**Q** 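The structure under discussion is supplied below as structure tokens; questions concerning it will follow.
What you see below is based on every heavy atom in this structure, not just the backbone, and it leaves out hydrogens, waters and symmetry mates. Remember, it's a predicted structure, so these values are computed and weren't measured experimentally. Sequence lines set the chain letters: A, B, ... in the order given, protein chains first and strands last, and positions in each chain run from 1.
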Amino acid sequence: MSCNLRVKFNHMEFKNPIVAASGTFGFGEEYNEVYEVETLGGICSKGLTLNAKEGNSGIRLWETPMGILNSIGMENPGVKEFVRKELPKMKKYNTRIIANVGGATEEEYLTIIEELNDTDLDMIELNISCPNVKEGCMAFGIHEKSAANIVKQVKRICRHPLVVKLTPNAENIVKVAASCEAAGADGISLINTFKAMAVDIEKRKAVFENVYAGLSGPAIKPIALQMVHEVSKAVSIPVIGMGGIMNWKDAVEFIMAGAHLVQIGTVNFVNPEAGKEIVLGLQNYMEKEGIKSIDEIRGIV
Amino acid sequence: MSCNLRVKFNHMEFKNPIVAASGTFGFGEEYNEVYEVETLGGICSKGLTLNAKEGNSGIRLWETPMGILNSIGMENPGVKEFVRKELPKMKKYNTRIIANVGGATEEEYLTIIEELNDTDLDMIELNISCPNVKEGCMAFGIHEKSAANIVKQVKRICRHPLVVKLTPNAENIVKVAASCEAAGADGISLINTFKAMAVDIEKRKAVFENVYAGLSGPAIKPIALQMVHEVSKAVSIPVIGMGGIMNWKDAVEFIMAGAHLVQIGTVNFVNPEAGKEIVLGLQNYMEKEGIKSIDEIRGIV
Amino acid sequence: MAIIKSNERVGEGIFLLEIEGIFRGKPGQFYMLKVNDEYPLLSRPISIFEITEDTIKFLYQSSGEGTKILSRKSEGDAIYLRGPYGNGFPSVEGKIALVGGGMGAAPLYETGKQLLKKPAITTVDLFLGFSYELVLKDKWEKISSRFFYDIGGYVSNLVPVSNYDVIFSCGPDVMMKKMTEAGKANGVPVYVSIESRMACGIGACLTCTCHTKNGNRKVCKDGPVFLGEDIYEL
Amino acid sequence: MAIIKSNERVGEGIFLLEIEGIFRGKPGQFYMLKVNDEYPLLSRPISIFEITEDTIKFLYQSSGEGTKILSRKSEGDAIYLRGPYGNGFPSVEGKIALVGGGMGAAPLYETGKQLLKKPAITTVDLFLGFSYELVLKDKWEKISSRFFYDIGGYVSNLVPVSNYDVIFSCGPDVMMKKMTEAGKANGVPVYVSIESRMACGIGACLTCTCHTKNGNRKVCKDGPVFLGEDIYEL
Ligand SMILES: Cc1cc2nc3c(=O)[nH]c(=O)nc-3n(C[C@H](O)[C@H](O)[C@H](O)COP(=O)(O)OP(=O)(O)OC[C@H]3O[C@@H](n4cnc5c(N)ncnc54)[C@H](O)[C@@H]3O)c2cc1C
Ligand SMILES: Cc1cc2nc3c(=O)[nH]c(=O)nc-3n(C[C@H](O)[C@H](O)[C@H](O)COP(=O)(O)OP(=O)(O)OC[C@H]3O[C@@H](n4cnc5c(N)ncnc54)[C@H](O)[C@@H]3O)c2cc1C
Ligand SMILES: Cc1cc2nc3c(=O)[nH]c(=O)nc-3n(C[C@H](O)[C@H](O)[C@H](O)COP(=O)(O)O)c2cc1C
Ligand SMILES: Cc1cc2nc3c(=O)[nH]c(=O)nc-3n(C[C@H](O)[C@H](O)[C@H](O)COP(=O)(O)O)c2cc1C
Ligand code: FES
Ligand code: FES
């Protein structure tokens with residue numbers, strides 16, 4: 001095999017561009033019973049907060065036409081428990097490990113980063129884009145100023161490479177991306193879920209206790225792709241693209257639109273073996289087309 | 001039958017809340033061969049520009065998971081031809097007739113409005129939200145200031161009730177809605193299509209000549225519903241909701257989220273009889289549930 | 001991919017699906033059934049109704065869109081199965097009551113069948129409640145010592161709780177809560193099989209989280225069977 | 001809703017779909033076929049292949065997602081049909097050549113069948129080009145005076161253009177353009193049936209617009225048959 005799937009993300013190499021998206025893959029353990037998760041280029045942890053979080057009550061999931069609405073509300077064991085219990089298990093997989101970090105306040109973000117500084121993580125994904133918690137998180141990602149500010153603070157202390165995960169609900173996602181770059185981000189990932197909702201017409205009530213929830217899945221792919229395309233052209237740091245990727249063809253679309261890496265989320269629920277299949281599909285495609293390196297096709301659209 | 005479907009939209013009565021969305025229903029003529037289009041509460045014309053427009057070249061349509069991307073580019077006969085040829089035919093239908101007006105410049109909008117002032121239209125829908133033309137249109141709808149400005153100018157001369165059609169690509173759609181209200185709009189309609197894209201991986205090119213196109217259909221419904229909900233709570237003028245409505249249940253969701261009227265677009269392509277079926281379905285539902293007037297359920301979520 | 005052997009209507013909106021193949025699973029576990037390639041996206045969690053040497057069967061209600069699509073499939077059509085998932089009912093001894101309401105009956109069939117065969121089990125009494133009609137009439141008696149049913153009422157009222165060593169219950173929340181209360185009053189442990197919306201089915205996404213006395217648990221992995229007391233505020 | 005009578009594979013990825021019922025339509029017109037309730041959203045435009053007293057047939061290639069789903073359907077399955085739409089081939093006289101490439105052959109079957117029956121028609125010569133294989137071998141000779149075919153080459157080269165009064169052509173753009181050029185050189189009118197993506201199929205949405213010498217036209221309503229000269233820049 002003469003093609004290779006390796007991707008350079010700044011100075012760090014990923015064995016292939018397919019990464020499991022935060023919140024859809026746990027800490028990898030369950031999926032490792034389905035296939036060897038180190039087949040993937042990387043794994044993002046569930047979003048971590050400082051303290052353990054119970055998550056939202058009420059219904060947490062609603063299916064929509066080719067999409068899903070979720071309102072998990074960042075249920076997670078807290079960063080300390082992550083470092084103690086989950087990270088050592090994750091590090092056994094021969095793949096890149098990314099910690100997704102969410103917070104309600106600047107202080108919370110900074111404390112989490114400190115807790116993670118001395119671990120052997122590969123990367124931090126700063127989640128300023130979760131629509132399912134009442135305080136903070138997505139609020140930081142709406143405006144370029146608040147985004148730049150939190151990134152600057154975090155960069156000051158963070159010893160790991162820092163990717164900032166953006167929300168499609170940003171007022172101007174291109175400006176937010178550019179301001180994160182200017183504030184020192186090492187990469188941008190996008191998109192998190194869309195603020196969206198459903199109504200239960202029988203109960204005459206919103207389906208979710210929080211009223212709004214986050215939309216993901218193939219339904220949003222055309223919008224996600226557009227945003228990845230526009231952001232990739234606007235920044236010079238590498239971009240991680242995601243939103244509705246269901247198969248290797250979708251992954252190629254995102255790469256051609258400019259993504260260095262892509263993340264797969266909802267598809268893991270649709271087909272738990274998707275990660276493996278997408279890596280294989282991509283390899284197959286590159287061999288058939290005689291593409292020796294992903295650099296040849298990245299951003300050609 | 002004790003229930004009635006009538007809706008008051010300011011001082012104007014619609015016989016029911018189901019209106020055909022601009023660009024998906026021509027001028028009603030073709031669908032009138034499928035069912036009597038006066039079954040509907042109203043019909044929006046195709047977007048009108050000052051002069052006839054040829055529309056975009058290249059592929060104009062691409063199917064996505066439960067959505068469609070279109071790049072029509074406002075092909076239309078121009079406002080004069082509309083007034084001369086199409087409007088008289090539309091006026092024969094016993095339903096509300098709405099002219100959808102697009103423009104590249106403020107001047108163009110104003111001239112079109114003047115051309116329409118002396119006609120017996122029921123309403124004007126000011127389209128500041130089309131993503132498929134290179135100049136103007138959606139550009140006016142991104143910021144609350146430009147939106148307010150064009151609305152103010154138009155209101156100054158417009159003799160018909162004026163509804164402003166918003167784009168989900170607005171930086172802050174709630175602020176845009178509020179600023180349109182403050183500038184004198186008689187109503188808000190939302191949402192137009194999302195800026196989105198697709199890549200043809202074989203050709204290694206964007207599918208559309210314009211690269212970006214507009215996404216509509218059930219895929220976007222959860223986001224559209226969220227926006228309609230939020231905007232309805234923020235303004236006191238009536239709201240026309242749309243985005244992915246496929247059946248009467250979806251229509252009820254939008255009404256419960258706060259919409260006075262709803263528009264149906266993409267569904268007309270999926271099932272040309274959808275308009276009729278949705279009106280009947282809504283009537284049936286109200287009878288079964290003992291809902292005497294739509295006022296009882298509007299905005300209860 | 002699996003191929004449907006039969007998908008028979010056995011009651012008003014209720015279907016018995018049979019799929020050929022060698023399948024694993026114990027009573028109370030479930031499979032995730034994906035009814036179509038593309039649409040809808042998510043699989044539906046459905047309990048094992050019966051496992052034989054060369055088939056697996058599911059009893060399900062066509063309620064929403066996914067199960068409606070499933071109900072239109074017939075012999076030879078493809079379907080996707082993943083499982084078995086979940087913990088299933090625990091192993092028990094003595095006199096057992098199985099109490100099911102509506103589609104909650106489904107997991108109790110294989111449960112009764114296997115319990116009846118165990119030497120340590122002396123009685124398996126089956127109590128089923130339905131809203132409209134009793135489905136699969138002929139089958140239930142075969143997998144129980146005694147079979148009682150009720151149409152339109154509260155089946156939980158029929159259960160002489162103190163007669164049993166353990167109760168397994170599956171059905172509407174109100175019913176399971178009632179059984180749990182009655183069990184507590186009589187010192188009889190009640191295991192309930194609860195429902196929750198699921199995305200992954202394997203414990204990774206946290207959509208199926210339920211709050212228990214011992215903290216959050218995943219219905220798909222830690223459940224669907226829990227001790228009633230851990231779930232319901234009594 | 002219509003019920004599929006048969007959906008037979010007649011070549012590599014090529015299927016003949018038969019639906020029972022009384023259907024209208026003239027040669028060159030098409031129907032919009034919706035292959036599933038929910039997904040995909042849009043119907044696929046497919047030409048009338050043959051209409052008999054009590055059935056309609058379509059010859060189609062399974063290329064993308066929608067036609068792939070269609071190809072998996074079988075007898076008894078439901079499908080949704082709307083039509084007939086479009087203008088169809090014009091009425092003509094004298095010696096006619098029908099020139100089809102690939103799936104462009106489909107509309108020429110009913111066309112030949114009907115032309116052959118008309119007294120004003122003296123010859124109907126059929127020229128078909130395929131990339132890999134000739135499908136439905138036995139059928140084409142029955143609806144033509146003479147039948148020529150070509151595998152893997154340029155069928156347009158086989159046509160002695162000047163022998164004919166009118167040419168109908170359907171297939172790849174390059175082929176139809178070539179025929180139009182040849183027709184023009186010989187003073188023979190060439191009608192072409194063109195393809196375009198369609199949403200509504202009835203003239204309302206303007207997705208199928210094509211630029212012609214006479215301005216924009218809707219393929220679904222004004223076409224799909226146009227005078228070649230009006231479409232191609234020669
Ligand atoms: C462990 C377990 C075992 C089950 N066993 C059976 C069984 O044997 N027979 C049977 O008829 N039903 C069973 N159910 C319920 C069954 O999963 C739902 O009725 C089914 O998912 C509804 O899907 P739908 O397509 O009809 O509804 P839709 O409204 O289209 O579903 C939309 C989404 O909500 C989910 N959902 C809707 N209702 C439920 C529900 N009650 N429980 C869980 N998810 C739901 C769906 O899975 C889907 O993701 C079981 C549920 C669980 C959790
Ligand atoms: C008037 C007319 C008559 C036709 N008659 C036949 C026929 O008899 N037999 C046959 O095999 N094919 C015919 N076609 C082509 C056929 O419509 C397409 O092959 C089919 O729509 C592709 O759908 P898909 O699901 O395979 O592809 P997808 O890639 O899933 O389609 C995505 C979208 O693009 C559209 N699309 C893709 N390719 C084409 C195309 N070539 N033409 C029009 N729309 C396209 C689809 O309709 C759909 O809306 C005809 C087309 C037209 C316009
Ligand atoms: C159930 C669920 C939980 C998620 N949790 C997180 C999270 O904790 N942190 C985060 O940054 N993104 C989270 N996401 C967003 C995904 O990582 C991803 O950005 C989004 O789903 C879009 O990709 P997809 O369409 O492939 O799913 C979650 C998504 C889902 C569906
Ligand atoms: C083919 C097509 C053409 C459209 N043309 C217009 C237009 O001219 N003016 C306009 O305001 N909106 C136009 N729209 C947007 C629709 O009116 C509607 O806002 C949008 O499609 C969302 O509704 P839907 O999901 O029900 O289609 C068009 C949409 C489609 C699909
Ligand atoms: S369904 Fe994903 S954790 Fe239970
Ligand atoms: S397909 Fe809508 S106008 Fe032709």
**Q** Where do D:Lys34 and B:Val270 come nearest, in terms of heavy atoms and distance?
**A**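 What the structure gives for the nearest pair is CE-CG1, 3.7 Å.
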**Q** For the residue pair D:Leu41 and B:Thr266, what are the closest heavy atoms and their distance?
**A**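 In terms of heavy atoms, the two residues are closest at CD1-CG2, 4.5 Å.
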**Q** Verify salt bridge (charged side-chain N to carboxylate O under 4.0 Å, His left out) between B:Glu75 and D:Lys218, making sure each step is shown before the conclusion.
**A** CA-CA 12 Å; B:Glu75 177 173 350; D:Lys218 303 167 184 174; over 6 Å; no
**Q** Does the pair D:Met198 and B:Leu61 meet the rule for a side chain to side chain contact (heavy atoms under 4.5 Å, CB included), with working shown?
**A** CA-CA 7 Å; D:Met198 294 181 181; B:Leu61 173 78; 5.7 Å; no
**Q** Just how far is it from atom CD1 of B:Ile72 to atom OG1 of D:Thr209, taken to the nearest 0.5 Å?
**A**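 The CD1 atom of B:Ile72 sits 6.5 Å away from the OG1 atom of D:Thr209.
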**Q** Under 4.5 Å, counting heavy-atom pairs only, tell me which of D:Glu38, D:Glu65, D:His211, D:Arg82 racks up the most with chain B.
**A**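 Sorted descending by pairs with chain B, the first entry is D:Arg82.
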**Q** Sort out for me which of B:Ile59, B:Thr24, B:Asn70, B:Asn56 touches chain D most, counting heavy-atom pairs under 4.5 Å.
**A**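 Winner by heavy-atom pair count: B:Ile59.
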**Q** Using a cut-off of 6.0 Å, state whether more than 12 heavy atoms not belonging to D:Glu133 lie near its atom CD.
**A**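 Count over threshold, so yes.
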**Q** Could you tell me which portion of B:Val34 (side chain, backbone, both or neither) has an atom closer than 4.5 angstrom to a non-hydrogen atom of chain D?
**A**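 For B:Val34, the contact with chain D is made by the side chain alone.
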**Q** Return yes when atom CD of B:Glu81 has more than 12 non-hydrogen atoms of other residues, nucleotides or ligands closer than 6.0 Å, and no otherwise.
**A**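 Result for CD/B:Glu81: enclosed.
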**Q** Do you know the tightest heavy-atom contact between B:Glu30 and D:Ile202?
**A**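 Taking B:Glu30 first and D:Ile202 second, the nearest heavy atoms are CG-O, 3.0 Å.
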**Q** Taking atom NZ of B:Lys89 as the centre, does the number of heavy atoms from other residues, nucleotides or ligands within less than 6.0 Å exceed 12?
**A**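 Result for NZ/B:Lys89: enclosed.
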**Q** Let me see the working for D:Arg197 and B:Trp62 under side chain to side chain contact (heavy atoms under 4.5 Å, CB included), right down to the final yes or no.
**A** CA-CA 8 Å; D:Arg197 278 150 200 269; B:Trp62 192 258; 3.4 Å; yes
**Q** Is it the case that over 12 heavy atoms from other parts of the model lie below 6.0 angstrom from the NZ atom of B:Lys91?
**A**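 Counting other residues, nucleotides and ligands, NZ of B:Lys91 exceeds 12 neighbours.
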**Q** To the nearest 0.5 angstrom, please state how far the CG atom of D:Leu42 sits from the CZ atom of B:Phe269.
**A**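 Between atom CG of D:Leu42 and atom CZ of B:Phe269 there are 8.0 Å.
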**Q** Please check if the number of heavy atoms outside B:Lys249 that lie under 6.0 Å from its NZ is greater than 12.
**A**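 It does not: B:Lys249 NZ has 12 such atoms or fewer within range.
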**Q** If you draw a 6.0 Å radius around NZ in D:Lys213, do more than 12 non-hydrogen atoms from other residues or ligands fall strictly inside?
**A**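 Count over threshold, so yes.
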**Q** With a 4.5 angstrom heavy-atom cut-off, which part of B:Glu54 approaches chain D: side chain, backbone, both or neither?
**A**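 Looking at B:Glu54, backbone and side chain both touch chain D.
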